[in-house]
Undergrad: 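One structure coming up, written as structure tokens, with questions to follow.
This structure is a prediction, so every number in the text was calculated from the model and none was measured. Read the numbers this way: they start at 1 and go in the same order the structure lists the ligands and their atoms. In what follows, residues are counted from 1 in the order of the sequence shown.
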Amino acid sequence: MKRHPRPTTDTSAAARDLIADLRRSLPSGALLDDPELLATYETDITGRYSGSAAAVARPSDAEQVSTAVAACAETGVPLVVQGGNTGLVGGSVPQDGELVLSLARLDWIGPVDGDANQLDVGAGATLEAVQKAAAAAGLRLPIDHAARSAATIGGMVATDAGGALALRHGTMRRRVVGLETVLADGSVVSRMAGLLKDNAGYDVPAIVIGSEGTLGAITAARLQLEPSAPFQITALFGVPDLRGALDLLRALRQVPGLEAADFLDAPCMELVCDRKRLRDPLPSPWGVYVVAQCAATADVTADLATQAESLPGPSDVVAATDTEGRKRLWAYRELLNETLRGEGVPLKFDVGLPLAAIPTFDEAIRARLASSYPDARLYIYGHVGDGNLHVNVLDVDPEDEGVDELVLRCAAEHGGTISAEHGIGLAKRRYLALCRSAADIRAMRSIKSALDPAGTFAPGRVLPDPDEEGI
Ligand code: MLT
Ligand code: ZN
């Protein structure tokens with residue numbers, strides 16, 4: 001079920017006990033239960049997922065988080081952890097009177113450790129604030145996406161977020177060298193030393209990263225920064241199709257410092273230019289546009305030009321090396337999520353594919369959607385360099401699960417994953433078995449029941465109901 005009617009259960013006895021308990025144990029102002037104030041926590045950014053919360057707890061340190069988690073465990077009211085509420089799979093939207101544990105107030109940012117190039121931050125610090133702190137120390141947090149001003153580090157670690165720079169710098173997991181987590185019994189596991197070599201026992205943080213708030217509440221992370229690159233160039237290419245994009249990618253891999261290769265299809269370019277009043281980036285239209293970026297120690301413009309000229313098929317390119325010019329080129333790609341939201345409730349997917357399968361997946365998905373949903377509008381963009389395609393479908397009933405199954409099945413049939421970077425959440429749990437074996441899902445269940453036996457954290461997310469495993 002995708003949409004949930006507004007509150008019925010928030011007056012249950014257990015919820016009342018929880019609220020009374022939290023009123024006693026948290027500082028005043030750290031608990032919201034006025035329905036009007038809850039509303040923004042109860043619906044996701046796309047409008048596709050909504051539910052009801054018993055209340056919202058807004059702790060400002062790990063001890064208060066632990067208090068809130070322990071109170072939930074005691075009263076039997078489940079909780080859902082929320083950061084910037086920018087998720088796209090309904091994972092942090094409360095269901096049926098859960099407590100929302102908002103970690104937005106854990107937004108502290110520590111000083112940069114200049115010996116190790118590492119930085120401690122609270123879970124509620126936004127990506128943008130941390131990027132700025134790193135830049136102020138002459139360093140860089142090389143992970144990025146368009147929701148940077150609202151998305152929090154805690155949420156990004158919890159979902160193992162990816163973004164445009166994963167091609168070279170990996171996903172969030174690769175940035176995390178320390179983690180503090182509150183477990184279901186309220187205990188705190190703190191591994192914040194930032195040791196690059198530390199194999200003492202099981203790697204608990206590694207299991208928590210990417211678990212989407214189902215195993216614990218991440219309260220702080222220690223992040224590995226990188227030296228900033230003195231030279232950056234962004235280039236927007238036009239190529240005929242996705243096969244042309246893969247030829248381009250092969251050539252761009254020869255350019256030192258390649259760190260991003262995103263793309264958008266022609267309907268995306270038309271829509272974003274129209275709705276955001278942007279000028280066409282190239283003199284004539286192309287089937288596919290690729291936005292590539294290199295960050296290097298020296299000027300690589302000539303290398304880029306040489307590789308662009310070596311392409312087997314036709315292409316065109318415009319490039320910029322100054323910050324404003326580079327931002328302008330990224331805008332065509334980065335404004336898409338917001339632009340599509342302006343068109344209605346989009347059905348959003350983030351499938352991951354082997355690179356060689358991208359063109360055939362693209363052809364198959366277009367044909368299958370056109371035949372089953374002739375009125376649907378389809379927009380495909382994403383991160384071609386790492387095989388992560390964002391399939392966006394508009395003008396279909398958001399309650400209709402048929403589109404989800406069609407897209408996710410198509411990805412699995414092409415050797416891919418149903419979730420590259422957005423997570424499983426509520427949206428895709430029914431389909432997990434399309435890309436994970438029964439043994440794999442059993443192992444996940446064992447981890448969940450070992451760390452959260454009472455199901456306090458985000459029940460019904462990530463793992464399918466046992467009777468749904470066969471899909
Ligand atoms: C992006 O790459 O823009 C994000 O993953 C969000 C989206 O899918 O629109
Ligand atoms: Zn993305």
Undergrad: For atom 1 (C) of ligand 1, which of Arg333, His145, Glu338 has the closest heavy atom?
TA: Arg333
Undergrad: Quick one about Tyr431 and Arg429 (side-chain donor to acceptor, distance below 3.5 Å, no hydrogens or angles considered), yes or no?
TA: no
Undergrad: Give a yes/no verdict on whether any heavy atom in Glu334 is under 4.0 Å from an atom of ligand 1.
TA: no
Undergrad: Would a 4.5 Å heavy-atom cut-off, applied to side chains only, mark Cys410 and Phe361 as touching?
TA: yes
Undergrad: Among His169, Gln118, Glu226, which residue satisfies the side chain to side chain donor-acceptor pair (under 3.5 Å) criterion with Arg175?
TA: Glu226
Undergrad: Looking at ligand 1, does any of its N/O atoms fall within less than 3.5 Å of an N/O of Lys348?
TA: yes
Undergrad: With the threshold set at under 4.0 angstrom, would you say Leu88 reaches ligand 1 through any of its heavy atoms?
TA: yes
Undergrad: Under a 4.0 angstrom heavy-atom cut-off, which atoms of ligand 1 come close to His383?
TA: 2 (O)
Undergrad: Between NE2 of His422 and OG1 of Thr86, what distance do you get to the nearest 0.5 Å?
TA: 9.5 Å
Undergrad: Hey, are Arg326 and Asp322 close enough for a salt bridge, meaning a charged N less than 4.0 Å from a carboxylate O?
TA: no
Undergrad: Using distance alone, with no hydrogens and no angle criterion, decide if Glu180 and Thr219 have a side-chain donor and acceptor under 3.5 Å apart.
TA: yes
Undergrad: Are any of the side-chain heavy atoms of Gln95 and Leu426 separated by less than 4.5 Å?
TA: yes
Undergrad: Would you indicate which of Asn337, Leu389, Thr339 comes nearest to atom 6 (C) of ligand 1 when only heavy atoms are counted?
TA: Asn337
Undergrad: Distance to 0.1 Å, residue and atom name: give those for the protein heavy atom nearest to atom 9 (O) of ligand 1.
TA: Tyr381 OH, 2.4 Å
Undergrad: Ignoring hydrogens and geometry beyond distance, is a side-chain donor-acceptor pair present between Tyr289 and Asp265 at under 3.5 Å?
TA: no
Undergrad: Anything protein N, O or S sitting under 2.8 Å from the Zn ion (ligand 2): count it and give me the total.
TA: 3
Undergrad: Can a donor-acceptor pair be found between the side chains of His145 and Glu334 at a distance below 3.5 Å?
TA: no
Undergrad: Can you tell me the protein heavy atom closest to atom 5 (O) of ligand 1 and the distance?
TA: His422 NE2, 2.7 Å
Undergrad: Select one of side chain, backbone, both or neither to describe which atoms of Leu336 lie under 4.0 Å from any atom of ligand 1, heavy atoms only.
TA: neither
Undergrad: More than 12 non-hydrogen atoms from neighbouring residues, nucleotides or ligands closer than 6.0 Å to NZ on Lys276, yes or no?
TA: yes
